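Numbers restart at 1 for each chain; the letters A, B, ... are given by sequence-line order, proteins then strands. Just so it is clear, the model here is predicted, and its values are computed rather than measured.
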There are 2 protein chains.
Amino acid sequence: MRSRLLEHISSPQDVKALAASDLPLLCDELRQAILENSAAAGGHLAPNLGVIELTVALHRVFDSPRDKIVLDVSHQCYAHKALTGRAAAYLDPDHFGEVSGFLSPRESEHDLFSIGHTSTSLSLACGLATARDLAGEHHDVVAVIGDGSLSGGLAFEGLDNAADLKSGLIIVVNDNDQSIAENHGGIYGALAELRATRGATPSNIFRAMGFAYRYLEEGNDVTALVAALEELRGTDRPVVLHIHTTKGAGYAPAERAPELWHHVGPFDLETGEKRKLISGDVPRDGYADITARHLLERMARDPRVVAITAGMPYVLGFTPERRAQAGAQFVDVGIAEEHAVTFSAALAAGCATPVFGAYGAFLQRAYDELWHDLCLNSAPATIIDIGASVFGANAETHLNYFDLAMLGALPNLRVLAPVCLEEYLAMLDWSLDQRERPVVIRMPVGAPLERPDLAPAAPATFDTPTYQVVREGSEVAILALGGFFTLGEQVADALAEHGLRATLVNPRYATELDEAFLRDLPERHRAVITLEDGVLEGGWGEKIARFLGTSGVRTRCYGIPKGFPDRFDPQELLARCGITVEGIVADILGMR
Amino acid sequence: MRSRLLEHISSPQDVKALAASDLPLLCDELRQAILENSAAAGGHLAPNLGVIELTVALHRVFDSPRDKIVLDVSHQCYAHKALTGRAAAYLDPDHFGEVSGFLSPRESEHDLFSIGHTSTSLSLACGLATARDLAGEHHDVVAVIGDGSLSGGLAFEGLDNAADLKSGLIIVVNDNDQSIAENHGGIYGALAELRATRGATPSNIFRAMGFAYRYLEEGNDVTALVAALEELRGTDRPVVLHIHTTKGAGYAPAERAPELWHHVGPFDLETGEKRKLISGDVPRDGYADITARHLLERMARDPRVVAITAGMPYVLGFTPERRAQAGAQFVDVGIAEEHAVTFSAALAAGCATPVFGAYGAFLQRAYDELWHDLCLNSAPATIIDIGASVFGANAETHLNYFDLAMLGALPNLRVLAPVCLEEYLAMLDWSLDQRERPVVIRMPVGAPLERPDLAPAAPATFDTPTYQVVREGSEVAILALGGFFTLGEQVADALAEHGLRATLVNPRYATELDEAFLRDLPERHRAVITLEDGVLEGGWGEKIARFLGTSGVRTRCYGIPKGFPDRFDPQELLARCGITVEGIVADILGMR
């Protein structure tokens with residue numbers, strides 16, 4: 001894309017050097033560049049469109065990286081990246097994709113943290129401000145947080161502590177009256193009242209907590225934003241600047257349907273037609289779609305079945321139409337995974353049948369609620385664990401495959417890892433029908449695999465950890481969990497070509513052991529292989545290795561070593577970990 | 001203790017049957033019983049004294065267990081227990097200790113959940129109310145939450161969602177203007193303004209979020225409380241009843257020093273002299289005391305060293321005097337572990353040197369912040385992991401020994417498990433001096449053990465996982481981590497009596513492996529034993545078993561199987577797990 005201004009911006013200093021009258025043009029160029037980039041490569045389009053003016057104003061007024069700017073969740077970082085030495089990545093198709101979609105200190109000194117989870121910015125800003133004060137330094141610290149991120153408990157903890165600071169901190173509340181989907185929670189009534197009164201209502205949660213407070217209605221007016229920020233620059237106390245922005249600003253399809261344009265794949269800029277569906281859309285006959293249809297059927301029969309999501313209804317397949325159909329039987333709690341889990345535990349205790357769906361990386365936010373509310377109380381809630389695979393997401397902030405290591409020590413919890421659609425639905429039905437314990441089901445990643453041969457016999461129960469032996473063999477046993485079952489099958493096939501008929505097992509249970517089976521294994525096997533689509537340390541395979549440790553059988557566990565790989569190709573990552581059919585076969589032949 | 005009323009109360013129905021004029025006497029009797037019980041057995045005295053009148057009023061007005069009463073954190077459950085069939089446990093010294101200090105569904109149908117962590121009550125009440133609505137039932141749901149618990153993010157998520165309920169829910173905010181120690185955070189200014197205006201200020205965060213709101217100044221007046229609750233009974237919308245209570249009400253020493261009387265051991269009821277120190281007090285020359293003195297010394301030399309706690313300053317030894325001495329270099333964030341971790345990550349990024357101390361069970365609340373803010377950003381913060389041992393706490397809600405399983409998969413994190421005081425201080429100093437990565441140090445439990453022979457050579461560095469080989473032996477290697485090192489030493493001694501000179505190792509690193517050492521082990525050893533004072537599944541030993549799995553050496557891991565044991569004797573628990581010198585020696589002799 002040709003630009004008059006943006007291509008000459010190599011640092012925030014260049015933004016400061018522009019004539020004030022040029023700032024609107026810079027915003028236009030940024031908007032066009034972000035649109036063209038996202039149309040080609042996809043991205044978090046709507047939130048980024050809403051903060052272009054704010055970002056220009058921030059870099060006009062403040063002096064990054066001396067002044068510290070923290071952007072919550074990174075869903076609003078494209079303009080920031082373009083203004084901090086990375087314009088080419090948005091302007092030039094040859095450079096599209098050179099920068100990540102998230103803040104990354106490896107890319108720039110203006111990106112202070114790797115950030116991809118919501119609600120962290122206020123605590124981070126508090127820490128930076130306190131570090132500044134301890135060092136006797138003087139600079140501004142600015143946090144930018146969207147209204148959607150305010151529903152997360154950490155954001156409240158940060159807000160609560162920020163109010164107590166005895167020094168300067170600027171919190172920009174970027175209020176577009178929208179989370180990923182629509183907002184839920186009492187705080188949004190409070191924000192709406194502030195917007196409706198242009199900040200004048202005496203019922204002001206920010207002032208009540210002790211903040212100075214300014215309201216700016218023109219949140220997409222760069223001149224007004226510069227003036228407002230100039231006024232706050234150098235503040236010696238914590239202050240909230242509440243600005244009203246438009247999600248998707250400047251692109252009509254996104255303004256009309258911000259949920260569908262929150263996170264998009266490539267699309268046609270003219271027509272708004274998308275070539276790949278991401279947020280808001282539910283691809284037909286994918287696992288999410290099938291899950292929603294299945295749950296809606298059960299809801300129709302049982303008014304106590306209730307589906308829950310935390311800000312992302314589409315992960316369980318709940319489109320706006322299906323949410324309407326489910327009525328009170330669908331609850332989106334906003335970005336509040338902790339609440340979602342504790343709420344689910346109480347729903348179960350109250351004899352309802354809750355199903356909470358979340359990405360593995362976000363379920364992490366509720367670890368203590370899983371431990372203390374769900375598992376300690378052995379509450380029969382079902383959690384659908386989404387994207388938990390190296391094929392699930394490849395941003396360092398969004399690795400969903402730490403789930404089994406996180407869940408493995410939780411008492412009373414059953415974690416099931418289905419291979420195929422038939423197993424997934426059988427496990428879901430069993431879980432919804434039982435009242436004994438909490439259950440996590442790892443939703444397979446990718447297109448549903450149909451494998452009637454692996455389907456459990458009806459009526460399927462998962463009351464006792466029992467492995468499914470798919471092939472009886474000897475010498476070598478391959479225990480291949482969930483998404484890696486087909487890999488195990490390929491390894492078994494390859495071994496057969498070497499004349500070795502291996503035992504092939506679908507373990508199904510991802511944190512508990514079929515001890516009877518394992519106890520007998522060493523009788524006819526000299527080597528055992530575990531394959532898991534998850535982090536190696538603390539994972540499922542290590543439990544097998546520990547159990548078999550005293551037996552004399554040799555055990556080798558395959559999984560992903562802990563680390564934060566970023567923007568990786570899953571197959572390449574697996575190859576680097578030695579997880580290929582050839583590699584595993586060679587290892588096995590070497591172990592005999 | 002003799003009582004006129006309390007000993008005849010066998011269920012809430014008996015509270016309802018009393019003359020209204022008898023309720024103050026019932027409160028007096030409850031107070032005397034709780035005082036005598038706590039004087040003999042210890043307990044969470046001050047918070048329980050503050051809610052006696054509220055509890056009588058709740059059981060007078062509502063119809064538990066049909067109506068659902070949820071008490072946050074259980075620090076206010078003694079009167080509830082005494083009124084729900086468990087009076088003898090508070091009245092009769094022969095029955096003291098028969099009930100636990102926490103809500104427990106195993107004890108009574110009036111205890112709806114096992115609860116010991118703060119800030120869960122609002123989400124639980126939301127779930128119960130929603131389950132009621134889905135079932136088409138009609139009863140009241142009441143949550144009681146202290147002001148101290150409101151600083152936890154989950155409480156905010158619950159509040160935010162409760163405000164959105166389209167049906168009845170009563171939230172009693174039990175405001176005694178005190179957390180475990182003093183309160184911190186902007187919300188306490190908001191509560192103070194409400195108290196100062198008797199609820200009349202227009203700046204009302206509860207109303208701003210959409211709640212109906214009532215204020216009651218006489219929070220320790222049972223008649224006023226009954227009247228207020230009667231008014232709210234059967235509400236069809238979410239309502240907050242904000243009551244002003246006195247922490248420690250009715251016992252002068254506790255009213256004067258509520259932090260010191262939050263959680264007490266046995267004491268003399270007449271003089272207030274304590275026979276065992278718990279909350280607020282810091283036993284001289286214990287690990288907490290030594291830690292605070294050490295940190296204060298470092299703070300005096302370096303203004304960027306900062307100690308952080310989440311509502312429990314005393315866990316790091318910070319008495320009120322030491323907090324005053326540290327000034328801005330000590331920060332209590334309130335009960336907000338998530339914020340504490342993310343705040344620490346940013347302090348580290350801002351070149352400060354943060355040290356956050358928390359019990360293992362409460363560090364669980366910050367799992368995602370550890371993963372995403374601290375470890376992904378490899379922020380050089382130090383976390384002191386407290387009580388992480390079967391000897392640390394024996395309530396099912398407070399098991400601190402799940403920490404290694406929780407931390408084991410976190411990339412970039414170093415977890416150190418010192419055996420003795422010398423190691424602990426060397427690790428602390430090393431961690432404070434390095435800028436590479438986050439470090440968790442497991443503070444040993446119990447009286448400091450001095451073992452100069454185990455002290456690392458100065459200057460001690462922990463840059464590379466390297467095990468300390470304490471005795472060179474053969475055939476059997478005992479890898480005994482942290483608090484279980486002395487057990488390993490005893491096992492080695494006992495084996496020596498059998499003529500077997502075992503290798504004895506102090507691994508020091510609790511989640512990373514000394515691969516070079518382990519690779520050489522099978523050469524001279526046929527069996528390896530791991531001993532860890534932590535949960536077995538997902539723990540440290542399994543990593544050793546996995547690493548050695550392909551070697552042919554036999555490995556046996558000792559740890560605590562996952563579960564929620566309650567009110568256990570640690571030695572008995574260990575014996576049940578086969579973790580005794582005799583048991584382990586017998587296992588080893590059988591493995592050869």
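For the set G127(A), A192(A), P105(A), the entry with the most heavy-atom pairs within less than 4.5 Å of chain B is G127(A). Contact tally against chain A (heavy-atom pairs below 4.5 Å) for L124(B), L122(B), V305(B), L112(B): the top residue is L124(B). Chosen from L165(A), N412(A), L376(A), L407(A), the residue pairing most often with chain B at heavy-atom distances under 4.5 Å is L376(A). In terms of non-hydrogen atom pairs under 4.5 Å with chain A, the most contact-rich of M209(B), R556(B), K562(B), H339(B) is H339(B). Interface check for chain B: of the options A190(A), G210(A), A336(A), the most heavy-atom pairs under 4.5 Å are formed by A336(A). Comparing N204(B), L410(B), T397(B), V528(B) by heavy-atom pairs within less than 4.5 Å of chain A, the highest count is held by T397(B). When F211(B), F343(B), F206(B), W540(B) are compared by the number of non-hydrogen pairs under 4.5 Å with chain A, F343(B) comes out ahead. Heavy-atom pairs under 4.5 Å with chain B peak, among A405(A), P202(A), G541(A), at P202(A). Ranked by heavy-atom pairs under 4.5 Å with chain A, the list A163(B), G549(B), G563(B) is led by G549(B). Ranked by non-hydrogen atom pairs under 4.5 Å with chain B, the options G538(A), A328(A), G153(A), A346(A) are led by A346(A). Per-residue heavy-atom pair counts under 4.5 Å with chain B were compared for P561(A), A545(A), A409(A), A155(A), and the maximum is reached by A409(A). Of the residues considered (G189(B), P303(B), A125(B)), P303(B) shows the highest number of contacts with chain A, using heavy-atom pairs under 4.5 Å.
At a threshold of 4.5 Å between non-hydrogen side-chain atoms, the residues M406(A) and M406(B) do not count as touching. Side-chain contact between R546(B) and T555(A) is absent, with no heavy atoms from C-beta onward closer than 4.5 Å. Residues F402(A) and P411(B) meet the side-chain proximity criterion, which asks for heavy atoms closer than 4.5 Å.
Heavy-atom minimum distance, I335(A) versus E157(B): O-OE2, 4.3 Å. Across all non-hydrogen atoms, the minimal contact from A208(A) to S203(B) is CB-OG, 3.2 Å. Smallest separation of non-hydrogen atoms from D160(A) and S151(B): OD2-CB, 3.8 Å. The two atoms that bring A349(B) and F113(A) nearest to each other are CB-CE2, 3.5 Å, heavy atoms only. For L134(A) against A352(B), the heavy-atom pair with the smallest separation is CD1-CB, 4.4 Å. The two residues T342(A) and T120(B) have their closest heavy-atom pair at CG2-O, 3.8 Å.
Contacts of I115(B) with chain A are made by both backbone and side-chain atoms, with heavy-atom separations under 4.5 Å. For E193(A), no part sits under 4.5 Å from any heavy atom of chain B, backbone or side chain. For chain A, the nearby part of S551(B) is the backbone; its heavy atoms alone come within less than 4.5 Å. The contact between V535(B) and chain A is made entirely by side chain atoms (from C-beta outward), counting heavy-atom distances below 4.5 Å. Proximity to chain B (any heavy atom under 4.5 Å) is shown, for L404(A), by neither the backbone nor the side chain. Interface remark: S119(A) contributes no atoms to any contact with chain B (heavy atom separation under 4.5 Å). With a threshold of 4.5 angstrom between heavy atoms, V553(A) approaches chain B through N, CA, C or O but not through any side-chain atom. Within the 4.5 angstrom heavy-atom criterion, no atom of L191(A) approaches chain B. Only the side chain of N377(B) comes within contact range of chain A, judged by heavy atoms closer than 4.5 Å. With a 4.5 angstrom heavy-atom cutoff, A361(A) touches chain B only via backbone atoms.
For the atom pair L347(B) CG and C126(A) SG, the distance stands at 9.0 Å (nearest 0.5 Å). Here I544(A) contributes atom CD1 and E542(B) contributes atom CD; the two are 9.5 Å apart, rounded to the nearest 0.5 Å. The structure places CG of L154(A) at 12.5 Å from CG of L154(B), a figure rounded to the nearest 0.5 Å. Considering CG of L370(B) and CD of Q364(A), their distance stands at 10.0 Å, rounded to 0.5 Å.
In this structure, the salt bridge (Lys or Arg N to Asp or Glu O under 4.0 Å) partners of D566(B), at least two apart in sequence or on a different chain, are R106(B).
Within the structure, every pair that satisfies the salt bridge (Lys or Arg N to Asp or Glu O under 4.0 Å) test and touches residues 361-372 of chain B, not counting sequence neighbours, is listed here: E337(B)-R365(B).
The backbone N or O of H117(A) lies less than 3.5 Å from a partner atom in the side chain of H372(B), making a donor-acceptor pair. The closest donor-acceptor contact from the side chain of E537(A) to the backbone of G408(B) lies at 3.5 Å or more, if one exists at all. With N161(B) contributing its side chain and G185(A) its backbone, the two residues share no donor-acceptor pair below 3.5 Å.
Ring geometry for F564(A) versus W371(B): interplanar angle over 60°, hence perpendicular rather than tilted (30 to 60°).
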Query - Derivation of the side chain to side chain contact (heavy atoms under 4.5 Å, CB included) call for L159(A) and F156(B) - result: CA-CA 11 Å; L159(A) 197 67; F156(B) 172 76; over 6 Å; no
